[in-house]
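This report concerns only the one structure given below.
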Amino acid sequence: MMNALNSKTVHDVIGIGFGPSNLALAIALEELTHSEGRSLNSVFIEKQADYRWHGNTLVGGSEMQISFLKDLVSLRNPSSPYSFVNYLHRHGRLVDFINLGTFYPSRMEFNDYLCWVAGHFNSQAHYGEEVLRIEPINVGSEVDHLRVVSRDQQGREHARYARAVVVSSGGTPRIVEPFNELMGDPRVFHHAQYLSQVSSLPCAAGKPTRVAIVGSGQSAAEAFMDLHASYPCARVDMIVRGSALKPADDTPFVNDIFSPAYTDLVFDQPPQERRKLLQEYHNTNYSVVDPQLIERIYGILYQQKVSGDLRHNVLCRQQIDSARTTDQGIELMLHDLATDDRRQHRYDAVILATGYERRSHRDLLAPVEQHLKQFDVDRHYRALASPDLKAAVFLQGFCEASHGLSDTLLSVLPARSEEIGRALYALSETRRLEQPLAALAGI
Ligand SMILES: Cc1cc2nc3c(=O)[nH]c(=O)nc-3n(C[C@H](O)[C@H](O)[C@H](O)COP(=O)(O)OP(=O)(O)OC[C@H]3O[C@@H](n4cnc5c(N)ncnc54)[C@H](O)[C@@H]3O)c2cc1C
Ligand SMILES: NC(=O)c1ccc[n+]([C@@H]2O[C@H](COP(=O)([O-])OP(=O)(O)OC[C@H]3O[C@@H](n4cnc5c(N)ncnc54)[C@H](OP(=O)(O)O)[C@@H]3O)[C@@H](O)[C@H]2O)c1
């Protein structure tokens, strides 16, 4: 049953998801309140019961892949109270962090930083509600505003209204063939569920467990390390379809592609050139592993050869032809792409570290899709739309094709959130000026 929560309020903006992207937006909007002399009425809806940043992947030893200086705000406003440095200061760890001598805090600590920032915006955040769809509300022949329908953890539906939405709902675990049919089995799971699922595997109770990890990106490598270090009874095969584990290019000239200024460069290219840039720098982010982690994994495999206890394998050039579950385990038919040999392997668990898709915005916005131009956006992340869509749709994390590889990362959050924040203020000003005209026209 629909609960018409705040049914009379039309917010200036509703943010869908309260991950780092919309958290950065909340900070930017607060800053703009001071410079614009008025505030926008904004709320954020988050499906998790409380703030967590990829919580099921926060294993010990997992480090940030970006400098702590690229936090939610410092690149725009280094004197903001929401900087990582201020977080350290407030928690009495600034000196100790300096002594660590690193730019790359643990992801657990960065998660704690994000939770701390999010705590400052509790009054705007609605946790434990999953947005189901975003619907058009017509006034005359125009879509004047949008209805955001969510479901809380008790199964009740809520409706909220807004003149703009910022959809920042993140990636969706990519489930690949031949595993789609097996996903109901708790022994087969995506890396996004790693911590909660691994705790119910036999190795968590000290029993021998054969685990396959599918993929050769950072997630796969971190799962391998965690199983090796935390679960002595786990024997792991990392199943890689490429020819080797490859390093992430994090060198300084290349790293320029993650600077805010680079967004303009990418956006100003024709579509074909944008695609070429994404392809050229694919190995900064996808299907690659931090070079130090590669060396540690190699070291573990080498040490096995010394001791003769061949506990783990990294199996390269392997295509998974088929998978089936039995009471005895999960049987994978591996096809060696170099030799053309096929061998069956049996595991007690399979972890799909197969990356993420970026499509949740399409599902959420399906009811307004007819007004949108294929989910393409302008430079300030507003979805291009037909003139009858007066309400605005902004996208964060779904614009890699037009804005470059930083779009799914933390790199440009301070700049992007300000750009969207300013666009929201401009929109609200336009709508304010139009109101008297609408009243005159009797709308
Ligand atoms: C394991 C892992 C580690 C990473 N580490 C780094 C790193 O070190 N550096 C880096 O730059 N990038 C990293 N990334 C990339 C990552 O995308 C960004 O760090 C960042 O999380 C993007 O923020 P976001 O808010 O756009 O998306 P997300 O962080 O994915 O947040 C989306 C939020 O929306 C919520 N949500 C989703 N659907 C709904 C719905 N229907 N209704 C309500 N709420 C919803 C989710 O619960 C989530 O809280 C990592 C990614 C992963 C998977
Ligand atoms: N510490 C950290 O900061 C941290 C930790 C984890 C993740 N991340 C970030 O999260 C993002 C995603 O990383 P990720 O490792 O989850 O994903 P990813 O880099 O996209 O890697 C996905 C892997 O899955 C493989 N794969 C995809 N489809 C497959 C199929 N059908 N069959 C077999 N293999 C398949 C890919 O193989 P191919 O190479 O053959 O395509 C690739 O090796 C990145 O931005 C990464 O930096 C960061």
Side-chain angles (χ1 to χ4, degrees), residues 14-25 44-59 61-68 70 72 104-107 110-111 114 118 126-134 148-151 166-179 190-192 194 213-223 238-246 248 250 258 282-290 293 316-320 352-358 360-361 363-364 395-398 405-413 416:
I14 295 180
I16 317 300
F18 205 37
S21 296
N22 270 342
L23 190 50
L25 179 64
F44 298 89
I45 305 177
E46 167 57 50
K47 71 177 174 185
Q48 297 183 101
D50 46 34
Y51 200 95
R52 290 181 91 200
W53 178 54
H54 302 302
N56 265 316
T57 69
L58 293 174
V59 293
S62 172
E63 288 174 349
M64 293 297 294
Q65 294 207 292
I66 195 167
S67 163
F68 71 86
K70 289 190 174 176
L72 294 168
Y104 305 101
S106 71
R107 284 185 46 242
F110 205 76
N111 174 59
L114 294 171
H126 298 280
Y127 290 99
E129 284 185 41
E130 178 172 8
V131 174
L132 304 175
R133 57 190 182 274
I134 299 164
V148 175
V149 180
S150 59
R151 186 167 51 216
V166 183
V167 181
S168 313
S169 42
T172 308
R174 181 188 293 126
I175 308 301
V176 300
E177 286 300 342
F179 296 100
H190 190 271
H191 182 258
Y194 177 77
I213 301 173
V214 181
S216 56
Q218 186 68 20
S219 296
E222 291 192 5
M238 196 191 267
I239 301 174
V240 176
R241 69 177 170 185
S243 56
L245 289 188
K246 304 238 176 74
D250 189 28
F258 297 111
H282 194 255
N283 71 339
T284 55
N285 189 38
Y286 295 115
S287 304
V288 287
V289 180
D290 171 60
L293 187 48
C316 296
R317 299 175 305 268
Q318 301 294 320
Q319 180 178 297
I320 304 168
L352 300 176
T354 41
Y356 294 81
E357 293 169 339
R358 296 271 158 183
S360 56
H361 62 306
D363 299 337
L364 293 171
L395 302 178
Q396 300 198 84
F398 303 104
L405 282 158
S406 53
D407 190 64
T408 66
L409 301 174
L410 304 173
S411 325
V412 296
L413 293 190
R416 184 172 70 190

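Bear in mind the structure is a predicted one, so any value in this text is a computation, not a measurement. Counting starts at 1 for both ligands and their atoms, following the listed order.
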Would you mind running through ligand 1 and noting each atom that sits below 4.0 Å from a heavy atom of [X]?
X    : answer
R358 : 17 (O)
S168 : 32 (C), 33 (C), 34 (O)
T57  : 1 (C)
S21  : 23 (O), 24 (P), 25 (O), 26 (O)
Q48  : 47 (O), 49 (O)

What is the nearest protein non-hydrogen atom to [atom], stated with its residue, atom name and distance?
atom                    : result
atom 24 (O) of ligand 2 : T354 CA, 3.2 Å
atom 12 (C) of ligand 2 : Y356 CD1, 4.2 Å
atom 4 (C) of ligand 2  : Q218 CG, 3.5 Å
atom 41 (O) of ligand 2 : R241 NH2, 3.1 Å
atom 44 (N) of ligand 1 : K47 N, 3.1 Å
atom 9 (C) of ligand 2  : Q65 OE1, 4.3 Å
atom 25 (C) of ligand 2 : G215 CA, 3.9 Å
atom 18 (P) of ligand 2 : S287 N, 3.8 Å
atom 1 (N) of ligand 2  : E222 OE2, 2.6 Å
atom 37 (C) of ligand 1 : S169 O, 3.2 Å

Would you say [X] contacts ligand 1, with heavy atoms under 4.0 Å as the rule?
X    : answer
P20  : yes
R107 : yes
Q396 : no
S219 : no
E129 : yes
G17  : yes
Y356 : yes

Does any N or O in the side chain of [X] come within less than 3.5 Å of the main-chain N or O of [Y], such that one atom is a donor and the other an acceptor?
X    : Y    : answer
Q318 : C316 : yes
H191 : V214 : no
R133 : S150 : no

Subject >> Within-cut-off N or O pair, R107 and ligand 2, under 3.5 Å >> reply: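 No.
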
Original post:
For ligand 2, is there an N or O atom under 3.5 Å from any N or O atom of N285?
Top reply: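 Yes; at least one N/O pair falls below 3.5 Å.
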
Subject >> side chain to side chain donor-acceptor pair (under 3.5 Å) involving S287 - partner list, sequence neighbours excluded >> reply: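 Side chain to side chain donor-acceptor pair (under 3.5 Å) list for S287, sorted by chain: empty.
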
**OP:** Using the test side chain to side chain donor-acceptor pair (under 3.5 Å), find all partners of T408 that sit at least two apart in sequence or belong to another chain.
**Re:**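 T408 satisfies side chain to side chain donor-acceptor pair (under 3.5 Å) with no residue once adjacent residues are dropped.
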
Original post:
Which one of R416, R151, Q65 has a non-hydrogen atom at the shortest distance from atom 8 (O) of ligand 1?
Top reply: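 The nearest heavy atom belongs to Q65.
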
Subject >> Heavy-atom nearest option to atom 16 (O) of ligand 2, drawn from S216, S219, G355 >> reply: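 Ranked by closest heavy atom to atom 16 (O) of ligand 2, first place is S219.
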
For [X] and ligand 1, does the shortest N/O to N/O distance drop below 3.5 Å?
X    : result
T408 : yes
V131 : yes
L410 : yes
E46  : yes
W53  : yes

Original post:
Hey, is I45 touching ligand 1 through its side chain, its backbone, both or neither, going by heavy atoms under 4.0 Å?
Top reply: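 The backbone, only.
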
Original post:
Counting only heavy atoms, which portion of H54 has something under 4.0 Å from ligand 1: side chain, backbone, both, or neither?
Top reply: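 Side chain only.
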
Is any side-chain heavy atom of [X] closer than 4.5 Å to a side-chain heavy atom of [Y]?
X    : Y    : result
F258 : I66  : no
Y104 : F68  : no
D290 : Q65  : yes
L23  : L72  : yes
V288 : Q218 : no
R174 : T172 : no

Original post:
Which atoms from ligand 2 have a heavy atom of Y286 less than 4.0 Å away?
Top reply: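 Atoms satisfying the 4.0 Å criterion: 19 (O), 20 (O).
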
Original post:
For ligand 2, which atoms have a heavy atom of S62 less than 4.0 angstrom away?
Top reply: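 Under 4.0 Å from S62, ligand 2 has these atoms: 1 (N).
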
Subject >> Contact bool for atom 44 (C) of ligand 2 (protein heavy atom, d < 4.0 Å) >> reply: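 Yes, there is a protein heavy atom closer to it than 4.0 Å.
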
Subject >> Exercise check, heavy-atom protein proximity under 4.0 Å to atom 14 (P) of ligand 2 >> reply: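 At least one protein heavy atom is under 4.0 Å away.
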
Original post:
Do the charged groups of E222 and R107 touch, with an N to O distance under 4.0 Å?
Top reply: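 Looking at R107 together with E222, the answer is yes, because their closest N to O distance falls below 4.0 Å.
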
Original post:
Do NZ/NE/NH1/NH2 and the carboxylate oxygens of R416 and D407 come within less than 4.0 Å?
Top reply: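 Salt bridge flag = yes for D407 with R416.
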
Original post:
Given that the side chain starts at C-beta and the backbone is N, CA, C, O, which of these parts of A353 lies under 4.0 Å from ligand 2, counting heavy atoms, or is it both or neither?
Top reply: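 For A353, the contact with ligand 2 is made by the backbone alone.
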
Original post:
Would you say the ring centroid of Y194 lies under 6.0 angstrom from that of H54?
Top reply: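 No, the ring of Y194 stays outside the 6.0 Å limit from the ring of H54, centre to centre.
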
Original post:
So, does L409 sit close enough to ligand 2 that a heavy atom of it is under 4.0 Å from the ligand?
Top reply: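 For ligand 2, residue contact (heavy atoms, under 4.0 Å) with L409 is present.
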
Original post:
Of the options I45, N22, V166, V131, which is the one that meets I14 in a side-chain contact (heavy atoms from CB on, under 4.5 Å)?
Top reply: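 Filter result, single survivor: I45.
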
